[in-house]
> 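Here it is: the structure, laid out below.
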Amino acid sequence: MNSEPSTKPVAASGSFAAMKSAPYRAQFIAYVLAMMADNIEHVISYWVVFQKFHSPALAGFAVLSHWLPFLLFSVAVGSLADRFDPRRIIQCGMLLFIVASAGWGFFFITDTLEMWHAMLLLVIHGCAGVLWQTPNQLLLYDIVGPANLPSAVRLNATARYLGILVGPAVGGVIMLALGPSHGIIFNTLFYLPMLLWLFWAPTRAKDAAPRRIPVRGLADIVQTIRDIGTQRVLTSMTLLAGLTSFMIGNAYHAQMPGFAGDLGHGDPGVSYSVLLAADAAGALLAGIGLEAWGRLKPDPRIAIVLAILWSLSLLAFASVGIYTLAIALLFAAGFFELSFNTMAQALVQINAPADIRGRVVGLFNMAGLGMRAFSGITVGLAGAAIGIHWSLGLSAVVLLASLFVLYRRAAKSGSPPN
């Protein structure tokens, strides 16, 4: 097992460097369409399910079913991507997305949807996401290599937010034009470009073939933690992902209607939409701006500082009562969130040992995405007890203290080798 710290150069790539690769451009377009389809399915299915069941418990299950698969299976899927072609694993994820959308459509058309049907389809959708994200990150490495990987990671993150912004609007148009039943079946077409392109996508170099290590479930998680234990970049970035997701994650999005009502600026529905859009717009600007600048060198300490700025933005947002200032703070939060997340992800992929890259990226996703299931407790349930402003503010304060400790640890270790 390769346990020595990576000595690969971590240089800042040029403006939109990944876009110079034709295979990456094809991946980017397919990724935007698939991410848009993911969000269209949420818009249509959540609306119909709410109208039919009016169940807060089912809404809570929808959140858990989305994030728990990342917590439980990210490392296992990464192990599979180490053993097998990641393109085929992503295709399995696309097929599950299609099954989920088609399943919703069948039950909507026949008017036979029961709660257990909805729960099953939500679980299928969550598992599809796990089969997509970790192998897709490995595929980026195969397509562009380590030199342009930071650019590819930022652009894909930008594509994710683009899908989040465009998906609800497109989903609304599809529902109006085709109705929810036929609209969600039509949505399956947006997954096809990724599914089909992967038959021709570049594969890993023959001299980079991974070791055939068996997949062992929980033992893989423990072993991967041990394997990266002496590598400060990997451990600090995985801890960063876990801390930010566990303490806050994106749980404040679910509380945004409450924040909009408390800010008391005009129609709460419009205020809610504007606040969410501000967060997403900040992330989009970060992706485009950092790519256009093309000079920000990936560094663990910079990533932690960006996460600290994100925490401070959310702490201030939780404290203010001025609507326009709240919008500005959420814009800043979106900017800093994309910045530190993409830098941490790029550092993990660049520094991961080649023979266990899938496991290491899977562990990072388990921390960064799976831990979001618990942010519903730190921000959500606590908000019901002490108020959403206090719960988000206290979560941000605890996170800030943890990040300062993590920064001191990274500063003592010094810069990663270049």
> Answer yes or no: is there a donor N or O on one side and an acceptor on the other, between the side chain of Arg359 and the main chain of Asp82, under 3.5 Å?
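Such a contact is absent between Arg359 side chain and Asp82 backbone.
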
> Do any N or O atoms from the side chain of Ser402 and from the backbone of Val398 form a donor-acceptor pair under 3.5 angstrom?
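The answer is yes, because a donor-acceptor pair under 3.5 Å joins these two groups.
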
> Minimum heavy-atom separation for Ile327 to Leu275, with atom names?
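Taking every non-hydrogen atom into account, CG1-CD2, 3.9 Å.
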
> In the structure I gave you, are the side-chain heavy atoms of Asn250 and Asp279 within less than 4.5 Å of one another anywhere?
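No; the side chains remain at least 4.5 Å from each other.
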
> Using the ring-ring contact (aromatic ring centres under 6.0 Å, His included) rule, pick out the option among Phe340, Phe317, Phe336 that qualifies with Trp310.
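Output: one option passes, namely Phe340.
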
> For the pair Arg301 and Asp299, find out whether any cationic side-chain nitrogen is under 4.0 Å from an anionic carboxylate oxygen.
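The answer is yes: the pair qualifies as a salt bridge.
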
> Any side-chain heavy-atom pair from Pro300 and Met237 closer than 4.5 angstrom?
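SC-SC contact between Pro300 and Met237 confirmed.
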
> Would you name the heavy atoms of Tyr46 and Ala62 that are closest together and state the gap between them?
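Shortest heavy-atom separation between Tyr46 and Ala62 comes out as OH-CB, 3.9 Å.
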
> Check whether Ser245 reaches the backbone of Gly242 with its side chain - one donor and one acceptor, N or O, closer than 3.5 Å.
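Between the backbone of Gly242 and the side chain of Ser245 there is no qualifying donor-acceptor contact (under 3.5 Å).
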
> Going through the checks in order, is the side chain to side chain contact (heavy atoms under 4.5 Å, CB included) test met by Ile185 and Ser101?
CA-CA 6 Å; Ile185 292 179; Ser101 281; over 6 Å; no

> Between Thr238 and Thr235 (side chain of the first, backbone of the second, donor and acceptor by atom type, cut-off under 3.5 Å), is there such a pair?
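No, Thr238 side chain to Thr235 backbone: no donor-acceptor pair under 3.5 Å.
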
> Looking at Tyr141, I'd like to know if the NZ or CZ of Arg357 sits under 6.0 Å from its six-membered ring centre while staying within 45 degrees of the ring's axis.
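Yes, cation above the ring, under 6.0 Å and within 45°.
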
> Side chains of Val49 and Leu113: does their closest heavy-atom pair fall under 4.5 Å?
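With C-beta onward as the side chain, the pair touches.
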
> With side chain to side chain contact (heavy atoms under 4.5 Å, CB included) as the criterion, how do Leu338 and Leu284 come out once you've worked through the C-alpha distance, each side chain's angles and the decisive distance to 0.1 Å?
CA-CA 8 Å; Leu338 182 137; Leu284 275 176; over 6 Å; no

> How close do Met175 and Ile44 get, counting heavy atoms only, and between which atoms?
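Scanning both residues completely, I find the closest heavy atoms to be CG-CG1, 3.5 Å.
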
> In terms of relative ring orientation, are Tyr191 and Phe97 parallel, tilted or perpendicular, with 30° and 60° separating the classes?
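Geometry flag for Phe97 against Tyr191: parallel rings.
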
> Side chains of Gln133 and Phe70: does their closest heavy-atom pair fall under 4.5 Å?
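A side-chain contact under 4.5 Å exists here.
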
> Once you round to the nearest 0.5 Å, how far does CG of Leu72 lie from CH2 of Trp67?
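Answer rounded to 0.5 Å: 14.0 Å.
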
> At their closest point, which heavy atom of Thr188 faces which heavy atom of Ala102, and how far apart are they?
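Result for this residue pair: CG2-N, 4.0 Å.
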
> Can you tell if the side chain of Val144 reaches within under 4.5 Å of the side chain of Ser151, non-hydrogen atoms only?
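No - every pair of side-chain heavy atoms lies 4.5 Å or more apart.
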
> Which atom pair, heavy atoms only, marks the closest approach of Ala396 to Ile248?
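Heavy-atom minimum between the residues: CA-CD1, 3.9 Å.
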
> Does Asp227 reach the side chain of Ile356, with side-chain heavy atoms less than 4.5 Å apart?
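The answer is yes; the side chains approach within 4.5 Å.
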
> Do Tyr252 and Phe259 have their ring centres less than 6.0 Å from each other?
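They do not qualify: ring centres at least 6.0 Å apart.
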
> Does the pair Leu122 and Trp104 meet the rule for a side chain to side chain contact (heavy atoms under 4.5 Å, CB included), with working shown?
CA-CA 10 Å; Leu122 289 168; Trp104 287 116; 4.1 Å; yes

> Kindly compute the distance separating CG (Leu196) from CD (Gln91), expressed to the nearest 0.5 Å.
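If I round to the nearest 0.5 Å, the distance is 8.0 Å.
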
> Using a 3.5 Å distance criterion without hydrogens, assess whether the side chain of Arg372 forms a donor-acceptor pair with backbone atoms of Gly249.
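No: the side chain of Arg372 does not pair with the backbone of Gly249.
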
> Got a donor-acceptor contact below 3.5 angstrom from the Ser74 side chain to the Leu71 backbone?
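Answer holds: no.
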
> Measure across Ala18 and Leu155 and return the closest heavy-atom pair with its distance rounded to 0.1 Å.
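Where Ala18 meets Leu155 most closely, the heavy atoms are CB-CD1, 4.0 Å.
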
> Per the ring-ring contact (aromatic ring centres under 6.0 Å, His included) rule, which among Phe107, Phe53, Phe106 passes with His117?
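Among Phe107, Phe53, Phe106, the one that satisfies the ring-ring contact (aromatic ring centres under 6.0 Å, His included) with His117 is Phe107.
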
> To the nearest 0.5 Å, how far apart are CD1 in Ile302 and CE in Met343?
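That separation rounds to 5.0 Å.
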
> Output, in order, the C-alpha distance, side-chain angles, deciding distance and verdict of ring pair (Phe, Tyr, Trp, His ring centres under 6.0 Å) for Tyr31 and Trp132.
CA-CA 10 Å; Tyr31 190 88; Trp132 178 22; 5.1 Å; yes

> Just by modelled atom types, is the Ser339 backbone N or O under 3.5 Å from a matching donor or acceptor in the Thr342 side chain?
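Yes; judged by distance alone, with no hydrogens or angles, the pair exists.
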
> Does any non-hydrogen side-chain atom of Pro86 lie less than 4.5 Å from one of Asn136?
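No. Closest side-chain heavy atoms not under 4.5 Å.
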
> For residues Gln345 and Asn341, is any side-chain donor paired with an opposing acceptor at under 3.5 Å?
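There is no such pair between these side chains.
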
> Among side-chain atoms of Gln27 and Asn156, is any donor-acceptor pair under 3.5 angstrom?
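The answer is yes; a qualifying pair exists.
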
> Measure the CH2-OG distance between Trp390 and Ser319 for me, rounded to the nearest 0.5 Å.
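Atom-to-atom, Trp390:CH2 and Ser319:OG are 8.5 Å apart.
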
> Would you sort out whether Thr158 and Leu162 count as a side chain to side chain contact (heavy atoms under 4.5 Å, CB included), showing the intermediate values?
CA-CA 6 Å; Thr158 305; Leu162 186 60; 5.5 Å; no

> If you measure from CG on Leu290 to CG on Leu306, what distance do you get to the nearest 0.5 Å?
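It is 8.0 Å, given to the nearest 0.5 Å.
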
> Please round to the nearest 0.5 Å and tell me the distance separating atom CD1 of Ile308 and atom CG of Leu240.
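Taking CD1 in Ile308 and CG in Leu240, the distance rounds to 9.5 Å.
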
> Does a side-chain heavy-atom distance below 4.5 Å link Pro69 with Val123?
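No, their side chains stay 4.5 Å or more apart.
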
> Ring-plane angle category for Tyr24 and Phe28, please: parallel below 30°, perpendicular beyond 60°, tilted otherwise.
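It falls in the tilted class, 30° to 60°.
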
